Amino acid sequence: MAAAKKAVLGPLVGAVDQGTSSTRFLVFNSKTAELLSHHQVEIKQEFPREGWVEQDPKEILQSVYECIEKTCEKLGQLNIDISNIKAIGVSNQRETTVVWDKVTGEPLYNAVAAPVSPGSSVPVAVVPSGSSVPAAGASSVWLDLRTQSTVENLSKRIPGNNNFVKSKTGLPLSTYFSAVKLRWLLDNVKKVQEAVEENRALFGTIDSWLIWSLTGGIHGGVHCTDVTNASRTMLFNIHSLEWDKELCEFFGIPMEILPNVRSSSEIYGLMKAGALEGVPISGCLGDQSAALVGQMCFQDGQAKNTYGTGCFLLCNTGHKCVFSEHGLLTTIAYKLGRDKPVYYALEGSVAIAGAVIRWLRDNLGIIKSSEEIEKLAKEVGTSYGCYFVPAFSGLYAPYWEPSARGIICGLTQFTNKCHIAFAALEAVCFQTREILDAMNRDCGIPLSHLQVDGGMTSNKILMQLQADILYIPVVKPSMPETTALGAAMAAGAAEGVGVWSLEPEDLSAVTMERFEPQINAEESEIRYSTWKKAVMKSIGWVTTQSPESGIP
């Protein structure tokens, strides 16, 4: 990167992007949205028992400080003055739960996470009828499973004809969301119980823990969260935009431990230490909302799909709170300012996306690296009638079938590993189409194109297949860091900062790569209907009469 003259750059904005496996700090030019520098630190996940996933909140905080310091050093080497950094935004893994002591500043337990843990059971939500279905919104086999019995006990108290939890929060009762994890901590961790009784406990998702710590911690740290993160706790009323007394009573959560809920774009407090001391923290968005903002999906009906271990598809539904009839979640997209309106989104997830490529690499050994799959698929250019349904732990939206298991069908003597690789990529695209169809039915507005981001989007064959299977164009920004960009935009646009305009005419024109459908509509439909036939074959594999034998 060429050294830039200090005068040329103008105001810069930093973004903390705290994910399940790593923490990053990225710095953008607020006028051009150009990424100037960044640093990344891996985060450890701890598995104290099978199905339990934890992270150390102090390690997470330390990684944020390290990323900020290292990025500032890199900017110095590029002759970029860090005093140009005018604001910092935070984007974070959602639902992960932290309780800490406001007197000592110490976490009272590890963060109970909702990360990817390949091989753990499928997340389960209990619906009022009493039948169990996989939890909507879980991407891949994401979460810590210790709260399953808590969910089952709570579900018995929801009247069959009045699921007030879902109507107030947009979420199914599930182990995935923060309220149940917090209930588990209150029931099982003595230090947490004592701190609550002595009025020393504070609860938050990762954003709250970071903002409280970065703005001073025990010396006046700000205890807050934003509406997008609050909407994933199952304690927040997405209509009134406040913590809900009835929900808190239902889960038995004392309201005094909850953070203040703010908009996604306002000054929460100032950095109190490190190279950026005195810089305002003024943006906060859960990771999927941040990607929606970073993709500039500000119009009703615009949608983005993030391709990672799983896929997260969010569609902006504007000021309307749309409840899904097809197993999608209703969530808050963003609220970009104290006096600005709230925007809602429908969210659907594909459980297994990048995870299927890893499975081909680690379990079958047909590729040595994830990048190789594109080469194999390119060799044949077709699956030759082979279909791969990666229902490794049941099917998610729109089927909600925990009895399903993965199948590869349509095999002939001619089928080879290249066809299976191609079928695996197609599986990601078919699953995305199923979520998109559900969204179109719920919203009544068919999408004209799909905006995409995430690690897998560098695979050009996958992107072309996605356009062919959806039969609409797929649009990919040339700068892939959309989650961090969204957090930076929210921070830079905040009142009192004002260095990033979100007015449509001022938004930088982002260079996009566009993939147009290259097959005819009839062929697209035939392939999709054959996929659905394959899905039907995968259902009913596991029954209560025939339990899966053997413990891995």
Side-chain angles (χ1 to χ4, degrees), residues 12-19 22-28 37-41 43 55-73 75 82-94 96-108 111 202-226 228-230 258-287 290 483-484 486-492 494 496-497 499:
L12 311 179
V13 180
V16 173
D17 181 3
Q18 207 298 302
S22 71
T23 298
R24 299 177 317 146
F25 184 68
L26 304 90
V27 174
F28 296 91
S37 188
H38 74 284
H39 188 75
Q40 176 167 337
V41 172
I43 297 287
Q55 292 177 305
D56 178 354
K58 288 166 80 174
E59 184 197 347
I60 290 173
L61 177 61
Q62 194 46 49
S63 71
V64 170
Y65 278 121
E66 186 183 336
C67 286
I68 290 173
E69 298 304 309
K70 288 281 198 301
T71 304
C72 288
E73 282 172 26
L75 289 170
I82 61 170
S83 69
N84 283 332
I85 297 175
K86 303 301 182 193
I88 295 169
V90 175
S91 159
N92 57 288
Q93 50 168 311
R94 303 172 302 171
T96 295
T97 298
V98 190
V99 180
W100 67 95
D101 187 319
K102 66 182 175 190
V103 178
T104 66
E106 292 291 308
L108 295 164
L202 295 178
F203 153 79
T205 40
I206 295 291
D207 56 304
S208 299
W209 162 244
L210 291 179
I211 292 171
W212 183 83
S213 302
L214 296 172
T215 57
I218 57 173
H219 305 293
V222 178
H223 186 217
C224 68
T225 188
D226 91 298
T228 68
N229 281 295
L258 303 176
N260 290 319
V261 182
R262 314 273 286 268
S263 77
S264 311
S265 176
E266 60 179 272
I267 295 174
Y268 312 112
L270 307 181
M271 287 284 288
K272 285 295 192 295
L276 298 180
E277 187 176 345
V279 175
I281 298 174
S282 53
C284 179
L285 289 155
D287 53 9
T483 302
M489 288 165 67
V497 177
V499 298

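A quick note: this is a predicted structure, and the numbers were derived from the prediction, not measured.
Taking both residues in full, the closest heavy atoms of Thr483 and Asp287 are given as CG2-O, 3.5 Å, listed atom of the first, atom of the second, then distance. Summarising the geometry of Val497 relative to Gly492, their closest heavy-atom pair is CG1-O, 3.7 Å, with the distance given to 0.1 Å. In terms of heavy atoms, Ala487 sits closest to Ala15 at CB-CB, 4.2 Å. For the pair Val279 and Ile85, the tightest heavy-atom approach, listed with the atom from each and the gap, is CG2-O, 3.7 Å. The nearest pair of heavy atoms linking Asp226 to Gly286 is OD1-N, 4.3 Å.
Of the inter-residue distances, the one linking Leu12 atom CG with Leu26 atom CG reads 13.0 Å to the nearest 0.5 angstrom. Rounding to the nearest 0.5 angstrom, the gap separating the CD1 atom in Ile43 from the CZ atom in Arg24 is 12.0 Å. Between atom CG of residue Leu276 and atom CD1 of residue Ile88 there is a gap of 4.5 Å, rounded to the nearest 0.5 Å. Atoms CD and CD, from Gln55 and Gln18 in turn, are 6.5 Å apart once rounded to the nearest 0.5 Å. To the nearest 0.5 angstrom, Gln40 atom CD is 10.5 Å from Thr71 atom OG1.
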Identify all side-chain donor-acceptor contacts of residues 213-221 below 3.5 Å with residues at least two apart in sequence or on another chain.
residue : atom : partner : partner atom : Å
Ser213  : OG   : Trp209  : O            : 2.8
Thr215  : OG1  : Ile211  : O            : 2.6
Thr215  : OG1  : Trp212  : O            : 3.3
Thr215  : OG1  : Val222  : N            : 2.8

Review item, side-chain donor-acceptor pairs of residues 56-63, under 3.5 Å, at least two apart:
residue : atom : partner : partner atom : Å
Asp56   : OD1  : Lys58   : N            : 2.9
Lys58   : NZ   : Glu106  : OE1          : 2.9
Lys58   : NZ   : Glu106  : OE2          : 3.4
Glu59   : OE2  : Lys44   : N            : 3.2
Ser63   : OG   : Thr23   : OG1          : 2.8
Ser63   : OG   : Ile60   : O            : 2.5

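Between Val64 and Val90, every side-chain heavy-atom pair lies at or beyond the 4.5 Å cut-off. Within the 4.5 Å cutoff, side-chain heavy atoms of Val98 are placed close to those of Ile206. With a 4.5 Å cut-off on side-chain heavy atoms, Lys86 and Val13 do not count as touching. The shortest distance between side-chain heavy atoms of Cys67 and Val16 does not fall below 4.5 Å. Val41 places none of its side-chain heavy atoms less than 4.5 Å from the side chain of Lys70.
Among residues at least two apart or in separate chains, there is no side chain to side chain donor-acceptor pair (under 3.5 Å) pair with a member in residues 268-277.
By the side chain to side chain contact (heavy atoms under 4.5 Å, CB included) test, Glu69 is found to be paired with Ala275, residues two or more places apart in sequence or in another chain being considered. Annotation: ring pair (Phe, Tyr, Trp, His ring centres under 6.0 Å) contacts of His223 (sequence neighbours excluded): Trp100. Taking Ala230 as the reference, Thr225, Phe236, Trp243, Val261 meet the side chain to side chain contact (heavy atoms under 4.5 Å, CB included) condition, with sequence neighbours excluded.
A distance-only check finds no donor-acceptor pair linking the side chain of Ser282 to the backbone of Ile267 [under 3.5 Å]. Checked by atom type and distance alone, the side chain of Ser208 pairs as donor or acceptor with a backbone atom of Cys224 at under 3.5 Å.
Asn92 pairs in a side-chain hydrogen bond (donor to acceptor under 3.5 Å, both in side chains) with only one of the listed residues (Asp17, Thr205, Thr228, Asn229), which is Asn229.
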